[in-house]
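The model shown is predicted, which means the values in this text are computed figures rather than measured ones. Positions are given from 1 along the sequence. Order of listing sets the numbers, starting from 1, for every ligand and every atom in it.
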Amino acid sequence: MSVEKTLCDGILHVTILNPPVNALSREERAGILEAMAAAEAPGVQAVIIQGANDTFIAGADIREFGKEPEPPHLPEVIDAIERCSRPVIAAIGGQALGGGLEIALGCHYRIAAPGARLGLPEVTLGIVPGAGGTQRLPRLIDPIAAAAMVSSGKPVTAAKALASGLVDRIAQEGDLIAEAVQFALEVAQADLAPRRLSGRNVAEPAAQAEAFEHLAVSTRRQARGAQAPIAALELVKLAVTTPFAEGAARERETFLRLRAGNEAKALRHIFFAERAAAKPPADIGEASARAVSCIGVVGAGTMGTGIAMSFADGGFPVTIVETTTEALAKGMERISQGYQSSIEKGRISQSVAAERIALVHGTTDYDDLSECDLIVEAAFEAMDVKRDIFHRLDAVARRGAILATNTSYLDLDEIAAFTSRPGDVVGMHYFSPANVMRLLEIVRGRETAPDVIVTALRVAKRTAKVPVVAGVCNGFIGNRMLKAYVRETGLLLLEGATPEQVDTALTRFGMAMGPFAVADLSGIDIGYKARKAMAPGSYEPMGTIVYDRLAEAGHLGRKTGNGFYRYEDGKAAGINPEVPSIIAAARREAGVAQREIDDAEIIDRCMFALANEGGFILEEGIAAASGDIDVVYVNGYGFPRHRGGPMFHAEQYGLEAVRDRIAQFAAGPFGKWWRLSPFIGGNGAQTALAM
Ligand code: CAA
């Protein structure tokens, strides 16, 4: 049974029971509708809508979105709740999201548990609320706050919900249902009229225009080309001037249109791909996680301190080890500054920051790592450095401790072999800044034990990371694909595009940053040094010649005030004037003719370079599914989430059309790099042109 009705002392309890998150499918909608008819029976004084499994309702069942919607539809169910002649109280524990919050808005009163979260996250799925959310919310709380909630999709805490008027009460004593009953009896006994939001007007309509405009500007910027956030904002704006029925009809129309579109399809794909990626690989069997209660980090540089902060954020005590007291002091200072800046940005309170800082203990003595259950090495990226560290860790770590490396390129199997326990060694590849970026590549070596993988996945979940398990190869999933992407960006310069043109085309496509702006930010010397260690022939030297010339001239990016761009007061102030002549000289050296390049070519070359390399990664079993690759790119490389990731994007484009396009690129001066991967439909051996 998915909806239970129990009449107890005049209160009808309507309980949604669809584990794990009480998502609403057809059965729950029908069950609620039926319960609302039962609520009109004599003897019912009030109704409480509540969820089983310590949560309310996490919204519509997303798995139904790809199918034709079946009646009863949610707006009809919510209208029935709102029309009920008895007071209806939503008792919100856990999550009230999407359709779940819309149900709560259809109720006449709302009480929440202190830990509840309430939100309309539809835009994160490429849609807008479809059952009155955009019209009822601004009739309950400040319309601008409503617009911000709907267009960002971000949930609010119970405390914020109380402050804004979204809920009437917070259950103080810890028993939500008992307090909801108390609330229901008070309302029934006072004979208060049901509060029906659809019958209200929106507060202060005239004063909003400027605030809406302001919000629209930031929404548009953050949306990076996605449509749903803007559409959601427009619908809330409409509520200000339009009667409920008209606004609700427009909302439903927008919801149905967006739900059928590519953006929603891409975002659903990523939603499920992220959850699939977080599960242990299929061949791992029933291994259970090892206990992890304290964690060590080796290296207090940028990565090490970011990783330590991410563990402290997840509530783990962390011991961070450095070689010298000076380096350690710098690292500890970086951690306090990091938390200070979070306080200043209003992300955390002073007391929370203090608790987290107190979790981090610094030392220069490796012996202090002896009790750690997991130790993550985040030191300099060189094999002899790793050899030394892993020898030392092998000597001090307790048996059963997991030894992880944050290497982004090096051979994990070689690192594991420095220890007497290669089964306990795993890669945990974080992205900078490690306490902010959500991606975590968990690299599985030849001998990594199954329970080590399961433990790393568990730790990822506890520290709010999005994990993807990858096999061993140079650069694993993300950086290996990046190599192909960077190659094409560099070749585009030789063939005639400018850095600004490439960056603009790719940010218009939705990338968080253009590749040359990224190179300037991370430092042009990083890739330059990495290439020095690469085997000749394993990459196209002309693809990075402009990068190399800049590095050799000391133009290393933001840190030197010039790279591809020139920086003034930390802000880009146009192209570095040296760049056009460096490109022209490189072009002569490469013997390439300059031509007009359009934006479509820039986007397709860069995107299909990613997807094609992703195809080899899949074929070699480095990634288990194309969705895993998409998850990596969306969470670690600024790929626009609403396009679903590079593999999904290629599939949407049509793999046959991608093949045709690649055949055009293969006819270019560097065509030999376009060997077609099986994912795109090749056999990996021939270029598209030769097929
Ligand atoms: N529909 C279907 N399945 C859902 C779901 C949903 N709305 N929400 C979560 N699930 C599933 C997940 O896929 C996962 O399934 P598997 O175990 O098979 O992988 C399981 O529930 C647990 O989910 P999480 O791993 O994400 O668990 P969590 O505890 O970390 O997070 C959560 C719980 C915060 C509810 C999170 O799952 C979430 O944010 N869910 C999506 C909520 C959402 O976007 N709702 C709006 C839907 S749109 C809508 O509601 C519009 C409308 O009515 C018309």
Original post:
Tell me, which residues have any heavy atom less than 4.0 Å from some atom of ligand 1?
Top reply: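 Under the 4.0 Å cut-off, ligand 1 touches Pro20, Val21, Ala23, Ala58, Gly59, Ala60, Asp61, Ile62, Phe65, Leu74, Gln95, Leu97, Gly98, Gly99, Glu102, Pro121, Glu122, Leu125, Phe255, Phe271, Phe272, Arg275, Lys279, Lys461.
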**OP:** Hey, could you give me the CD1/CG distance between Ile89 and Asp168, rounded to the nearest 0.5 Å?
**Re:**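 Here the interatomic distance stands at 9.0 Å.
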Which side-chain N or O atoms in residues 120-139 pair as donor and acceptor under 3.5 Å with protein atoms at least two apart or in another chain?
from, atom 1, to, atom 2, distance (Å)
Thr124, OG1, Pro121, O, 2.5
Thr134, OG1, Glu251, OE2, 2.6
Gln135, NE2, Leu235, O, 3.0
Arg136, NE, Glu82, OE2, 3.0
Arg136, NH2, Asp79, OD1, 3.3
Arg136, NH2, Glu82, OE1, 3.3
Arg139, NE, Arg200, O, 2.8
Arg139, NH1, Gln135, O, 3.0
Arg139, NH2, Thr242, O, 3.1

For a quick test of your reading: what N or O donor-acceptor pairs under 3.5 Å do the side chains of residues 144-155 make, sequence neighbours left out?
from, atom 1, to, atom 2, distance (Å)
Ser151, OG, Ala147, O, 2.7
Ser152, OG, Ala148, O, 2.8
Ser152, OG, Lys154, N, 3.0

Subject >> Centroid-centroid under 6.0 Å between Phe255 and His73 rings >> reply: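 No: the rings miss the under 6.0 Å criterion.
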Original post:
Got a sec, which pairs hit salt bridge (Lys or Arg N to Asp or Glu O under 4.0 Å) with one end in residues 629-650, sequence neighbours left out?
Top reply: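 Those involving residues 629-650 are Glu274-Arg641.
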Original post:
With a 3.5 Å cut-off and no angle check, do the side chains of Asn22 and Asn53 form a donor-acceptor pair?
Top reply: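 Result is yes, a qualifying pair exists.
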